[in-house]
S.K.: 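Please find one structure pasted underneath; my questions will follow.
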Amino acid sequence: MTSPGRATIRATVCGSSCSIPRPGRACSAYLMEVDAAVFVVDLGSGAFANVIKHRAAEALDGVVITHMHADHFLDVIPLRYALKYGNRSNGKRLALYLPPGGEPMLRRLVAAFAPEAGDDFLGDVYDVRTFEPSRALRIGAATLTFAPTAHYIPTFAVRCAVGTASIVYSSDTAPSLGVTRLAKSADAFLCEATLTRQEEADTPRGHCSAREAAEMAAHAEVDRLVLTHYPATIAPAELAAQARARFSGPIDIADDGYTLKV
Ligand SMILES: [Zn+2]
Ligand SMILES: [Zn+2]
């Protein structure tokens, strides 16, 4: 619940699919509006088209990438073109925060398809930075803190807070005590739910089922669970039913365009 004068966070899901997109749905992206600051956490394949339904590219104050899987970062490329050929005022560059090791990977990728541009391809529009996961990152009024997840490559869950309001996003993770701790008492926990119940037995793995997401939400005592990053093969009603068995608070199933305010 929000009260007058309380700082708020608005999160709009711009990509709710896992790495295989559901029909008409993009991969991971979350548009965050915290006071006057506007930024996206992750910008996966197909998601930029959804972001600009809500905000112009030039309105963004930052992009934060949780890990270097294509379903979480690939649309920094179309955003680059939008900024390069759009209406940026006085050549201002957009802060692009990558996880440790992300910058050389992104530069190799860009060099493969735009070798003539060199470092200018990114540098023309982006201020490319590496976030330090053990330190808080400030974007406007928002404070972002991180926790490493249980995934196949270095990946970081993100807690976005302003005043007493907080939203935690799991990024990609198998059940994780660190992610659960990061989510402690959050107003909302956006957690991935990639796997079926049958796939819970797979090893190694870097994802959760809806049931496991709900277990983390229950242990973290969050106010609301929002399941996201799910495939076309599990019906939303099935996700909700699995989660309900483990979490007694409100449960939403994210879709592209879903908005949450805390
Ligand atoms: Zn993913
Ligand atoms: Zn991933």
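Order of listing sets the numbers, starting from 1, for every ligand and every atom in it. These numbers come from the heavy atoms of this one structure, side chains and all, not from hydrogens, waters or symmetry mates.
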S.K.: Hey, what's the angle at the Zn ion (ligand 1) spanning NE2 (H229) and NE2 (H72), nearest 10 degrees?
M.R.: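 Approximately 110° at the metal, rounded to tens of degrees.
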
S.K.: Taking NE2 in H219 as the centre, count heavy atoms belonging to other residues, nucleotides or ligands within less than 6.0 Å. Is the count above 12?
M.R.: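 Atom NE2 in H219 is not packed in, count stays at 12 or less.
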
S.K.: Does a side-chain N-to-carboxylate-O contact under 4.0 Å join D120 and R80?
M.R.: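 Looking at R80 together with D120, the answer is no, because their closest N to O distance does not fall below 4.0 Å.
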
S.K.: Would you call R205 and E212 a salt bridge, using N to O less than 4.0 angstrom?
M.R.: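 Here R205 pairs with E212 in a salt bridge, since their nearest N and O are under 4.0 Å apart.
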
S.K.: Give the ring-plane orientation class for Y81 versus Y85, where under 30° counts as parallel, over 60° as perpendicular and anything between as tilted.
M.R.: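 Parallel, since the angle between the ring planes stays under 30°.
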
S.K.: Tell me the angle that NE2 of H67 and ND1 of H69 form around the Zn ion (ligand 2), rounded to 10°.
M.R.: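 Rounded to 10°, it measures 100°.
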
S.K.: Which value, rounded to 10°, describes the NE2(H151)-the Zn ion (ligand 2)-OD2(D172) angle?
M.R.: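 Rounded to 10°, it measures 100°.
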
S.K.: So, is D71 placed with an N/O/S atom under 2.8 Å from the Zn ion (ligand 2), counting both backbone and side chain?
M.R.: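 Here the distance criterion (N, O or S atom, under 2.8 Å) is not met by D71, so no.
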
